[in-house]
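Numbered from 1 within each chain, the chains take letters A, B, ... in sequence-line order.
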2 protein chains.
Amino acid sequence: MPDTGLPHAPPVPPPGRELDETDRRILRLLQDDATLSIAEIADRVGLSQSPCWKRIQRLEATGVIMRRVALVAPERVGLGLTVYVAVETADHSAQWLADFTERISALPEVVELHRMAGDVDYLLRVVVADMAAYDAFYRRLIDGLALKKVTSRFVMERLKATTALPIP
Amino acid sequence: MPDTGLPHAPPVPPPGRELDETDRRILRLLQDDATLSIAEIADRVGLSQSPCWKRIQRLEATGVIMRRVALVAPERVGLGLTVYVAVETADHSAQWLADFTERISALPEVVELHRMAGDVDYLLRVVVADMAAYDAFYRRLIDGLALKKVTSRFVMERLKATTALPIP
DNA sequence: GTTGAAAGCTTCAAGAC
DNA sequence: GTCTTGAAGCTTTCAAC
């Protein structure tokens with residue numbers, strides 16, 4: 001093969017293509033309802049139980065299925081306020097960023113932390129009880145951190161929220 | 001009680017306080033790992049199986065536990081790109097907003113749709129395969145919609161992502 | 001890939017405290 | 001509210017095709 005100087009094809013599985021259509025059908029079912037029995041799933045994807053069970057085992061062992069969880073309604077446990085926090089950092093040294101990441105990840109109110117491209121460096125999704133709780137969180141967040149800009153955007157209404165990925 | 005003119009206390013369950021500490025411990029366990037057996041949960045919260053099972057049934061029946069799902073690793077199913085899209089709408093009539101909401105919710109790539117307070121009207125979380133797929137999605141998104149401003153922010157790295165709420 | 005079957009758990013209802 | 005008991009059903013493994 002000629003060396004084009006371009007990046008190589010990934011050394012390992014072409015994303016999403018180590019899975020056949022049956023695997024993807026199983027995933028679509030399970031990410032919608034993880035209480036389905038093997039019998040039910042096998043039936044719906046047109047397999048018998050044993051091979052279906054083996055496929056699910058493999059999907060779990062290889063990390064395609066990361067975990068099975070219960071989704072809790074936030075407002076039912078007194079967590080009525082979700083806030084997206086866009087952070088622009090002042091310091092961009094590797095050490096500072098590592099510290100920042102570790103420290104922010106440790107905050108339980110932060111359920112998601114993303115490093116972003118573009119104007120915003122980090123985007124946080126924060127879940128708290130109410131505005132007073134958010135204020136307390138915010139003070140803890142900025143305390144001692146050199147942040148250039150912090151923009152809080154408050155969720156008024158959750159119109160759609162699913163953990164089910166649009167598996168093609 | 002004197003009428004202060006301030007908003008009343010909510011007429012129904014004080015958020016999160018219809019649940020006792022045992023319920024909350026069960027929720028913390030299940031939102032971390034929904035494969036735990038009743039026996040295991042009962043053991044950890046200090047109950048025997050039946051009352052533990054009844055509590056879980058009640059939490060599901062009353063919608064505190066919304067569902068049980070499998071979480072799939074996006075990059076393992078070829079969905080390597082997550083984008084947050086901030087939308088400012090041009091039209092704010094009720095009819096327009098209803099149409100907008102319905103239309104956006106129907107797009108499978110949109111896994112979350114929030115109505116926001118402040119400068120941004122809507123925040124979308126979009127999951128796609130790659131930049132080409134996002135471009136195709138973006139064209140469909142803006143096609144025929146009067147949007148004042150659309151800002152796409154691309155996730156470079158997922159540093160933390162949990163569906164487990166910080167139940168106090 | 002398939003079927004069928006057996007062992008061991010888990011779930012859930014019933015009845016008592 | 002809690003506990004114990006027991007039946008039914010499910011998961012998991014295995015043998016055989």
Side-chain angles (χ1 to χ4, degrees), chain A residues 12-14 16-73 75-78 163-164 167-168, chain B residues 10-73 76-78 163-164 167-168:
Chain A
V12 262
R17 285 305 148 196
E18 81 244 64
L19 307 174
D20 64 16
E21 175 59 18
T22 302
D23 283 329
R24 293 201 297 278
R25 289 176 69 186
I26 292 171
L27 291 175
R28 278 185 219 113
L29 290 170
L30 281 177
Q31 68 175 352
D32 224 62
D33 181 1
T35 69
L36 290 173
S37 70
I38 304 272
E40 180 75 26
I41 297 167
D43 200 48
R44 295 206 205 168
V45 302
L47 282 180
S48 55
Q49 292 194 22
S50 294
C52 184
W53 177 79
K54 280 178 195 163
R55 279 171 183 265
I56 294 171
Q57 288 303 106
R58 191 170 48 78
L59 291 169
E60 286 176 338
T62 59
V64 177
I65 294 174
M66 294 186 293
R67 59 204 319 193
R68 290 160 183 255
V69 301
L71 300 179
V72 173
E75 59 286 349
R76 298 299 298 281
V77 290
T163 55
I167 297 174
Chain B
V12 261
R17 284 307 149 196
E18 80 244 65
L19 307 173
D20 64 16
E21 175 58 18
T22 302
D23 284 329
R24 292 201 299 277
R25 289 176 69 186
I26 292 171
L27 290 175
R28 279 185 218 113
L29 291 171
L30 282 177
Q31 68 175 352
D32 223 61
D33 182 0
T35 69
L36 290 173
S37 69
I38 304 273
E40 180 74 27
I41 298 168
D43 200 50
R44 295 206 205 168
V45 303
L47 283 179
S48 56
Q49 293 193 22
S50 293
C52 183
W53 178 79
K54 279 180 193 165
R55 280 172 181 264
I56 293 171
Q57 288 303 105
R58 191 170 48 76
L59 291 169
E60 286 177 337
T62 59
V64 177
I65 293 175
M66 295 185 293
R67 59 205 318 193
R68 289 160 184 256
V69 301
L71 299 180
V72 172
R76 297 300 297 281
V77 290
T163 55
I167 298 174

Please check the phosphate of [N] (OP1 and OP2 only) for any side-chain N or O of [X] closer than 4.0 Å.
| X | N | answer |
| --- | --- | --- |
| B:Gln49 | C:dT10 | no |
| B:Arg55 | D:dT2 | yes |
| B:Ser48 | D:dT2 | no |
| A:Ser37 | D:dC10 | no |
| B:Trp53 | C:dC12 | yes |

Distance in angstrom units between [X] [atom1] and [N] [atom2], rounded:
| X | N | atom1 | atom2 | value |
| --- | --- | --- | --- | --- |
| B:Ile26 | D:dT2 | CD1 | P | 9 Å |
| A:Ile38 | C:dT2 | CD1 | C1' | 16 Å |
| A:Lys54 | C:dT3 | NZ | C1' | 12 Å |
| A:Asp43 | D:dC10 | CG | C1' | 15 Å |
| B:Ile56 | C:dA13 | CD1 | P | 14 Å |
| B:Glu60 | C:dT11 | CD | P | 10 Å |
| B:Leu47 | C:dC12 | CG | C1' | 16 Å |
| A:Glu40 | D:dC10 | CD | C1' | 13 Å |

Item to complete: Evaluate the criterion side chain to side chain contact (heavy atoms under 4.5 Å, CB included) for residue pair A:Arg58 and A:Lys54; output intermediate values, then yes/no.
Response: CA-CA 6 Å; A:Arg58 191 170 48 78; A:Lys54 280 178 195 163; over 6 Å; no
Would you say the side chain of [Y] lies within less than 4.5 Å of the side chain of [X], judging by non-hydrogen atoms?
| X | Y | answer |
| --- | --- | --- |
| B:Leu29 | B:Glu40 | no |
| B:Arg55 | B:Leu47 | yes |
| B:Leu27 | B:Leu19 | yes |

Discussion item. Counting distance alone, no hydrogens or angles: does the base of D:dT12 have a donor or acceptor under 3.5 Å from a partner atom on the side chain of A:Ser50?
Written reply: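 No.
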Worksheet entry | NZ/NE/NH1/NH2 to OD/OE distance under 4.0 Å, B:Asp23 and A:Arg76 |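 A salt bridge is absent here (no side-chain N lies under 4.0 Å from a carboxylate O).
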Discussion item. For A:Thr35 and B:Gly46, find the nucleotide of DNA chain D closest to each by heavy atoms; which residue's nucleotide sits nearer the 5' end?
Written reply: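 So the residue in question is B:Gly46.
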